[in-house]
Peer 1: 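Below: one structure in structure tokens.
Note that the numbering runs from 1 along the sequence shown for the chain.
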Amino acid sequence: MLKCLSKSNCILILVLALLPIVSIAQTKNVLIEGELKKWHKITLSFEGDFISENDSYNPFLNYRLNVTFKHNEKIYVVPGFYAADGNAAETSAEAGNVWKVRFVPDAIGEWTYEVSFRKGDNIAVNDNEKEGESISFDGVTGIFTVGKSDKNAPDFRSKGKLKYVNERYLRFSEKQEAFLKGGADSPENFLGYYEFDQTPATHNYETHTKDWKQGNPTWQNGKGKGIIGALNYLSSKGMNSVYFLTMNIQGDGKDVWPWIAENERYRFDCSKLDQWEIVFNHMDSLGLMLHMVTQETENELLLDIGELGVQRKLYYRELIARFSHHLAVTWNLGEENGPLYWTPKGQTDEDRKAMAKYIKSHDPYKNFIVIHTHSLPEEQDLILNPLLGYEYLDGPSIQIKNPNSVHEITKKWILNSKKENKNWVVCNDEIGPAVKGVQKDIDNPNHDDIRGAVLWGNLMAGGAGVEWYFGHEDLTCDDWRTRDEVWNQTKYALDFFQTHLPFTEMEPYDSLTANKDDYIFAKKGAVYTIYLPKVEVTEIDLTNEEGVYTVHWYNPREGGKLLKGTLKSVKAGNVTTIGFPPNKNKDWVVLLRRK
């Protein structure tokens with residue numbers, strides 16, 4: 001296997017065993033790495049002049065690498081990046097002559113590529129194709145052939161890119177499978193890991209080293225086992241998303257940044273970001289979404305005083321170039337974005353729209369874009385109402401102080417966005433009270449307070465899922481096992497929706513029963529499901545329907561199979577009782593399906 005580039009003008013091609021043979025035309029000093037398969041990452045590396053992260057002529061700002069990939073009618077213009085010696089995750093190199101571009105093909109067959117590599121002042125944030133001077137490997141072209149993926153779930157490479165499609169739910173490109181999210185919102189400083197280069201030692205995830213498995217990735221002679229093991233654990237619980245900040249300077253954690261120094265804004269740490277990439281690659285293989293939160297309320301004015309200037313554009317370009325190829329990406333414009341009485345200086349509507357447009361326009365894969373909210377409904381209205389219908393924003397990342405409000409707030413934003421013909425994907429990503437959030441199992445063994453109100457509240461409103469926030473442990477939690485039962489109950493809810501419901505075709509119909517606190521989700525005339533926070537006499541209005549409906553029950557606390565209750569079936573045509581579940585303990589879910 002080739003590990004570095006030759007300094008001669010010979011052709012260098014990496015061909016892995018049992019993969020399609022790569023065909024190269026008019027190629028000079030190009031190294032192609034990766035499995036040449038659909039949805040798999042392919043990395044092209046090029047040689048330029050020997051420079052460093054600290055070069056007087058900034059390699060991140062004053063050079064621009066873009067590679068255009070084509071297959072039939074498909075065209076992707078993918079930004080590249082300076083990669084030091086090309087192996088910086090292992091060497092911690094700050095200098096070298098290697099440039100890279102990462103690409104994920106979405107079709108089988110022959111792909112061509114053409115390289116644009118230009119030099120000039122601030123050219124990295126200049127979209128004029130002809131700006132600057134042509135240098136080095138500019139104009140290089142080539143061909144490679146892509147075969148089928150051989151991966152299986154939960155590996156995202158078996159499902160393809162997760163895309164926003166102007167529906168309530170994201171869908172995977174391969175089979176159009178709808179995505180429901182369940183995952184971790186804490187620790188938000190997940191990347192504040194002590195074995196990343198130039199990173200304060202906030203987290204070590206020591207208890208999760210036992211979850212690391214032989215053959216899993218590491219770097220620099222065994223580093224990374226804690227963070228890789230933590231991800232293994234979360235995936236083993238059936239979760240599919242992790243929320244984390246990519247920059248928290250001046251924020252709560254003050255331990256995560258992509259630059260070579262805490263006070264630098266124009267030069268990026270090649271080795272640290274390559275180590276992040278090792279972790280993100282593993283997340284793809286485990287089926288874990290990258291929920292990348294690009295700033296927080298305390299630092300939303302850090303770059304260009306909040307505006308879309310050179311610093312902010314360069315920051316987004318580097319994130320896009322290095323990480324947009326991952327198969328499930330959420331770009332979050334910022335945690336608790338916008339000014340309030342306790343954070344009076346913040347970005348404007350114009351700033352938010354400019355950020356969203358820039359990211360969506362420059363991300364070749366058009367990944368999902370959201371914005372995290374403040375916690376009260378009236379605060380959310382101030383920020384979100386002006387963004388309804390905006391073509392470059394795909395949904396809110398909802399924070400809610402009162403967990404009992406989740407259901408109604410989720411319905412509100414789904415309905416309001418639908419009216420503007422830009423359907424938002426509405427997830428609940430943080431619950432209050434701020435110091436409490438989701439408690440440890442040892443302190444709250446059953447989690448009765450959040451299971452119904454938050455988890456089922458979001459899903460039964462047509463929401464796309466949840467991530468769990470840990471309150472006062474948001475910055476300090478090193479062990480996801482402390483919430484083992486939370487992951488279990490989340491998985492039970494996702495299983496029910498994915499196994500038993502045509503949920504993409506269903507709508508909330510809470511008025512179909514007279515009970516105040518239950519939730520009804522239905523495809524009228526076909527299937528009805530009701531979440532009952534407590535067992536009581538329940539009658540559903542099927543006056544305008546016909547036929548006979550079978551009745552089954554599901555235990556949201558234990559999961560498992562559908563169960564029989566006191567009635568096997570009910571007849572439509574009137575207001576009818578649904579009977580009772582196997583026992584009257586706590587909450588239950590009933591499923592009515594037309595025979």
Peer 1: Does D304 use its side chain to pair, donor to acceptor, with the backbone of Q311 at less than 3.5 Å?
Peer 2: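 Yes; judged by distance alone, with no hydrogens or angles, the pair exists.
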Peer 1: Looking at R171 and V165, would you say the former's side chain and the latter's main chain have a donor-acceptor pair under 3.5 Å?
Peer 2: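 No; zero donor-acceptor contacts below 3.5 Å.
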Peer 1: Would you call the rings of Y76 and W111 parallel, tilted or perpendicular if under 30° counts as parallel and over 60° as perpendicular?
Peer 2: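 Plane angle between 30° and 60°, so tilted.
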Peer 1: Distance check, rounded to the nearest 0.5 Å: K360 atom NZ versus F368 atom CZ?
Peer 2: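 Answer for the NZ-CZ pair, K360 versus F368, is 8.5 Å.
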Peer 1: Check whether any side-chain N or O of N232 sits under 3.5 Å from a backbone N or O of D211 as a donor-acceptor pair, and report yes or no.
Peer 2: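 Yes.
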Peer 1: Main chain of A153, side chain of K159: is a donor-acceptor contact present, judged purely on distance under 3.5 Å?
Peer 2: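 Judged by distance alone, no pair lies under 3.5 Å.
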Peer 1: Hey, is K353 close enough to D349 for a salt bridge, meaning N to O under 4.0 Å?
Peer 2: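 A salt bridge is absent here (no side-chain N lies under 4.0 Å from a carboxylate O).
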Peer 1: Judged by modelled atom types alone, do Q275 and D197 share a side-chain donor-acceptor pair under 3.5 Å?
Peer 2: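 Their side chains do contain a donor-acceptor pair, which is all the 3.5 Å distance test asks for.
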Peer 1: Run through L388, L415, N416 and flag the one making a side chain to side chain contact (heavy atoms under 4.5 Å, CB included) with W424.
Peer 2: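 One option only clears the test, and that one is L388.
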Peer 1: Just one of K223, H282, H208 clears the side chain to side chain contact (heavy atoms under 4.5 Å, CB included) bar with I228, so which one?
Peer 2: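 That would be H282; it is the only one of K223, H282, H208 passing the side chain to side chain contact (heavy atoms under 4.5 Å, CB included) with I228.
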Peer 1: Taking the six-membered ring for Trp and the single ring otherwise, decide whether the centroids of Y82 and F60 are under 6.0 Å apart.
Peer 2: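 Distance test on ring centres: under 6.0 Å, yes.
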Peer 1: Using the side-chain hydrogen bond (donor to acceptor under 3.5 Å, both in side chains) definition, which of the options H362, K313, R64 pairs with D127?
Peer 2: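 Going through H362, K313, R64 one by one, the side-chain hydrogen bond (donor to acceptor under 3.5 Å, both in side chains) with D127 is satisfied by H362 alone.
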Peer 1: For a side-chain hydrogen bond (donor to acceptor under 3.5 Å, both in side chains) with T246, tell me which candidate from W257, W276, Y315 qualifies.
Peer 2: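 Filter result, single survivor: Y315.
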Peer 1: To the nearest 0.5 angstrom, please state how far the CD atom of Q498 sits from the CZ atom of F503.
Peer 2: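 The CD atom of Q498 sits 6.0 Å away from the CZ atom of F503.
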Peer 1: Show the nearest heavy-atom pair for residues S361 and K366, with the distance to one decimal.
Peer 2: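 Shortest heavy-atom contact: O-NZ, 3.5 Å.
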Peer 1: For S271 and D269, does a side-chain donor sit closer than 3.5 Å to a side-chain acceptor?
Peer 2: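 Side chains of S271 and D269: pair found under 3.5 Å.
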Peer 1: Parallel, tilted or perpendicular for F156 and F179, by the 30°/60° rule?
Peer 2: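 If you compare the ring of F156 with that of F179, the planes turn out perpendicular.
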Peer 1: Can you find a heavy atom in the side chain of L327 that is under 4.5 Å from one in the side chain of V104?
Peer 2: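 Heavy-atom side-chain distance check passes, below 4.5 Å.
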Peer 1: I'd like to know if the side chain of E114 and the backbone of T141 have a donor-acceptor N/O pair within less than 3.5 Å.
Peer 2: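 Answer holds: no.
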Peer 1: Between Y193 and F196, how do the two ring planes meet: parallel, tilted or perpendicular, split at 30° and 60°?
Peer 2: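 Rings of Y193 and F196: perpendicular, over 60°.
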Peer 1: Please check if the distance between the ring centroids of Y205 and F190 is under 6.0 Å.
Peer 2: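 Ring centres of F190 and Y205 closer than 6.0 Å.
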Peer 1: Side chain of K418, backbone of W413: donor and acceptor closer than 3.5 Å?
Peer 2: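 Pair absent, no side-chain N/O of K418 close to backbone of W413.
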Peer 1: Backbone N or O of W331 within a donor-acceptor pair of the N367 side chain at under 3.5 Å?
Peer 2: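 Not confirmed, N367 side chain does not pair with W331 backbone.
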Peer 1: Is any side-chain heavy atom of F521 closer than 4.5 Å to a side-chain heavy atom of L459?
Peer 2: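 When only atoms from C-beta onward are counted, L459 and F521 do not touch, as no gap falls below 4.5 Å.
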Peer 1: Please report the shortest heavy-atom distance between P154 and S235, naming the atom on each side.
Peer 2: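 Distance-wise, the nearest heavy atoms are CG-OG, 4.4 Å.
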Peer 1: Taking all heavy atoms of Y365 and all of D363, pick out the closest pair and write down the distance.
Peer 2: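 That would be N-OD1, 2.8 Å.
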Peer 1: Over 60° means perpendicular and under 30° means parallel, so tell me whether Y113 and F46 are parallel, tilted or perpendicular.
Peer 2: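 Correct class here is perpendicular.
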Peer 1: Yes or no on side chain to side chain contact (heavy atoms under 4.5 Å, CB included) for F81 and Y63, after CA distance, side-chain angles and deciding distance?
Peer 2: CA-CA 9 Å; F81 57 92; Y63 294 77; over 6 Å; no
Peer 1: Please say whether the positively charged group of R312, taken as NZ for Lys or CZ for Arg, lies over the ring of Y358, i.e. under 6.0 angstrom from the six-membered ring centre and within 45 degrees of the axis.
Peer 2: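 No, R312 does not sit over the ring of Y358.
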Peer 1: For Y243 and T330, test the side chains for any donor-to-acceptor distance below 3.5 angstrom and give the result as yes or no.
Peer 2: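 There is no such pair between these side chains.
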Peer 1: Taking E296's backbone N and O only, do any of them form a donor-acceptor pair with N299's side chain (distance below 3.5 Å, no angle check)?
Peer 2: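 Answer holds: yes.
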Peer 1: Would you check if there is a donor-acceptor pair between the side chains of N240 and K181 at a distance under 3.5 Å?
Peer 2: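 Per modelled atom types, K181 and N240 side chains form no pair under 3.5 Å.
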Peer 1: Grab the two heavy atoms, one from L245 and one from Q295, that are nearest each other, plus how far apart they are.
Peer 2: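 Residues L245 and Q295, closest heavy atoms: CD2-O, 3.5 Å.
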Peer 1: In terms of heavy-atom contacts, does CD of E350 have more than 12 from other residues, nucleotides or ligands at under 6.0 Å?
Peer 2: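 Check fails, neighbour count at 12 or below.
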Peer 1: Carefully, step by step, assess T68 and N66 under the rule side chain to side chain contact (heavy atoms under 4.5 Å, CB included).
Peer 2: CA-CA 7 Å; T68 301; N66 288 335; 5.8 Å; no
Peer 1: Taking all heavy atoms of K422 and all of L393, pick out the closest pair and write down the distance.
Peer 2: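 Minimum heavy-atom contact is CE-O, 2.9 Å.
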Peer 1: Before giving the answer on salt bridge (charged side-chain N to carboxylate O under 4.0 Å, His left out), spell out for E277 and R102 the whole-Å C-alpha distance, their side-chain angles and the decisive distance to 0.1 Å.
Peer 2: CA-CA 11 Å; E277 174 67 2; R102 294 166 177 156; 3.8 Å; yes
Peer 1: For G465 and N458, work out which heavy atoms get closest and say how close.
Peer 2: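 Heavy-atom minimum between the residues: N-OD1, 2.9 Å.
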Peer 1: According to salt bridge (charged side-chain N to carboxylate O under 4.0 Å, His left out), who are the partners of D106, at least two apart in sequence or on a separate chain?
Peer 2: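 By the salt bridge (charged side-chain N to carboxylate O under 4.0 Å, His left out) rule, D106 matches K74.
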Peer 1: Can you tell me how far the OG atom of S116 sits from the CG atom of L65, to the nearest 0.5 Å?
Peer 2: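 Answer for the OG-CG pair, S116 versus L65, is 8.0 Å.
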Peer 1: Do NZ/NE/NH1/NH2 and the carboxylate oxygens of E174 and K38 come within less than 4.0 Å?
Peer 2: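 Counted as a salt bridge, because a side-chain N and a carboxylate O are separated by less than 4.0 Å.
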Peer 1: Look at the side chain of T373 and the backbone N and O of Q399, then say whether any donor-acceptor pair between them is shorter than 3.5 Å.
Peer 2: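 Judged by distance alone, yes, a pair lies under 3.5 Å.
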Peer 1: Distance alone, cut at 3.5 Å: any donor-acceptor contact between the side chains of N189 and H203?
Peer 2: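 Side chains of N189 and H203: pair found under 3.5 Å.
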Peer 1: Measure the OG1-NZ distance between T504 and K523 for me, rounded to the nearest 0.5 Å.
Peer 2: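 Output value for this atom pair is 8.5 Å.
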Peer 1: Give a yes or no on whether the backbone of V370 and the side-chain of D394 come within a donor-acceptor separation of less than 3.5 Å.
Peer 2: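 Checking the backbone N and O of V370 against the side chain of D394, no donor-acceptor pair under 3.5 Å is found.
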Peer 1: Please tell me whether F172 and W39 form a close aromatic pair, meaning their ring centres lie under 6.0 Å apart.
Peer 2: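 Here the rings of W39 and F172 have centres that are no less than 6.0 Å from each other.
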